Amino acid sequence: MTGYRTIDWTCRDGIAHITFDRPEQLNAFTIEMGRELEDAFARADRDAEVRAVIVTGNGRAFCAGMDLSGTGNAFGLDPSLRPDLADMADLDDPRLAGIRDSGGRVGLAIHACSKPVVAAINGAAVGVGATMTLAMDARLISSHGRFGLVFGRLGITPEATSTWFLPRIVGMPDALDLVYSAEILDAEQAVARGLARSMHDPDALLSAATDLVDRWTHGRSPVATALARHMMYRNSACPDPADAHRVESLSMFYTSIGDGSEGVSAFRERREPVFRQRVPDDLPPFAREWIENGSPKARSDQ
């Protein structure tokens, strides 16, 4: 996809800036925006020049949730269908186009990204505008920001993979309270509830987000950072620590003979390391299959 209509993409000093760009509609989410966001996060994932992603909104809102101004099903779903769990087995099946949650497609694209992602919440983040940020690695919020999980007010359920991320971020009791109450929190409340990392003056928000991703990525191996991101999310959900051990062993093996070799040499020589491996080109052989399909299993021919 080249050229976006609902978002803006720029890359400066290795940071991809994805900006919701429907300011007159408070950056309300549309099906088109969902497709463009999926493309943008896949683009960041495969671009070796990108070391991190910052997401924010143009104008006075971050993203005011789903655009409900159209006709028909407001969420772009096909009401003539009656799907069940068996129908959802293959998410790549094009027949699911009228069934799959568009916010969830974005959440999965963020989850699949190998670069750190930070939300700079400059204004209202409501509905999918809030839930999609839960798949990001940190949320910084302006003092003008708002955060609302408002599904209960509309008679619908949480989406954008939020039922996987939200309990992990705030704990199950708070997650249930936030979903049941459907309250819109101000910036101080969002920080107090653990939904946002910190609150900032509006003029300082993007600078703070940049400082954070710089702290995470400058002087760090892109490959090791990418693997660590995937390992923290995926291994923490494994049923057995042995599953984490399998991945950690492979990851440690390949990084120790890659950028890790330079890191050890730099430590011994008391100098700054010069890491040369890039993402995605230099990810180890096991990584892509594991990221897409889950924990590696024992070979069947042994």
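Nothing here was measured: the structure is a model prediction, and the numbers come from that model.
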At what distance, to the nearest 0.5 angstrom, does [atom1] of [X] lie from [atom2] of [Y]?
| X | Y | atom1 | atom2 | result |
| --- | --- | --- | --- | --- |
| I54 | L212 | CD1 | CG | 8.0 Å |
| R278 | D47 | CZ | CG | 8.5 Å |
| F20 | T56 | CZ | OG1 | 8.5 Å |
| L250 | M252 | CG | CE | 12.5 Å |
| S102 | E32 | OG | CD | 12.5 Å |
| D174 | L166 | CG | CG | 8.5 Å |

For the residue pair [X] and [Y], establish whether any side-chain heavy-atom pair is separated by less than 4.5 Å.
| X | Y | value |
| --- | --- | --- |
| M132 | L37 | yes |
| L154 | M66 | no |
| V106 | V128 | no |
| L140 | L205 | yes |
| N73 | D78 | no |
| S249 | H245 | yes |
| M33 | I7 | yes |
| T157 | F151 | no |

Return yes if some donor-acceptor pair links the side-chain N/O of [X] with the main-chain N/O of [Y] below 3.5 Å, else return no.
| X | Y | result |
| --- | --- | --- |
| D45 | F41 | no |
| S236 | M232 | yes |
| D101 | A160 | yes |
| R229 | S114 | no |
| D87 | D84 | yes |
| E36 | Y4 | no |
| S256 | F253 | yes |
| N27 | N58 | yes |
| S251 | V247 | no |

State, to 0.1 Å, how close [X] and [Y] come at their nearest heavy-atom pair, and which atoms those are.
| X | Y | result |
| --- | --- | --- |
| A135 | I110 | O-CG2, 3.3 Å |
| G129 | F62 | O-CE2, 3.3 Å |
| I169 | R139 | CD1-NH2, 3.6 Å |
| I291 | A112 | CG2-O, 4.5 Å |
| V170 | L178 | CG2-CD1, 4.2 Å |
| V279 | P222 | CG2-O, 3.3 Å |

Same apolar cluster (I L V M F W Y, side chains within < 4.5 Å links), [X]/[Y]:
| X | Y | result |
| --- | --- | --- |
| L81 | I31 | no |
| V117 | F165 | yes |
| L77 | I156 | yes |
| I257 | L283 | yes |
| V126 | V191 | no |

| task | Using the side chain to side chain contact (heavy atoms under 4.5 Å, CB included) rule, take R197 and V118 through it: C-alpha gap first, then chi angles, then the decisive distance, then the call. | result | CA-CA 10 Å; R197 176 189 179 98; V118 170; over 6 Å; no
| task | For T19 and D21, test the side chains for any donor-to-acceptor distance below 3.5 angstrom and give the result as yes or no. | result | no
| note | So the side chain to side chain donor-acceptor pair (under 3.5 Å) pairs with at least one residue in residues 202-221 (sequence neighbours excluded) are R51-D214, R51-T217, R51-H218, S221-D259
Could you tell me whether [X] atom [atom1] has more than 12 heavy atoms of other residues or ligands within 6.0 Å of it?
| X | atom1 | answer |
| --- | --- | --- |
| E269 | CD | yes |
| R60 | CZ | no |
| M88 | CE | yes |
| Q189 | CD | yes |
| E24 | CD | no |
| R276 | CZ | no |

| Given the rule in the side chain to side chain contact (heavy atoms under 4.5 Å, CB included) test, do I141 and H200 qualify, once you have shown the distances and angles that lead to the verdict? | CA-CA 6 Å; I141 190 167; H200 303 271; over 6 Å; no
| task | May I ask you to decide whether E262 forms a salt bridge with R271, counting only side-chain N to carboxylate O separations under 4.0 Å? | result | yes
| field | Parallel, tilted or perpendicular: rings of Y233 and W164 (30°, 60°) | value | tilted
| task | Report the C-alpha separation of V223 and Y254 in whole Å, then their side-chain angles, then the decisive distance to 0.1 Å, and conclude whether the side chain to side chain contact (heavy atoms under 4.5 Å, CB included) test is met. | result | CA-CA 10 Å; V223 168; Y254 283 105; over 6 Å; no
| task | Check the pair T6, F29 against side chain to side chain contact (heavy atoms under 4.5 Å, CB included), reporting the backbone distance first and the verdict last. | result | CA-CA 9 Å; T6 68; F29 186 93; over 6 Å; no
| query | Is there a salt bridge (Lys or Arg N to Asp or Glu O under 4.0 Å) between R5 and D39 once you walk through the steps? | reply | CA-CA 12 Å; R5 300 202 320 160; D39 184 84; over 6 Å; no
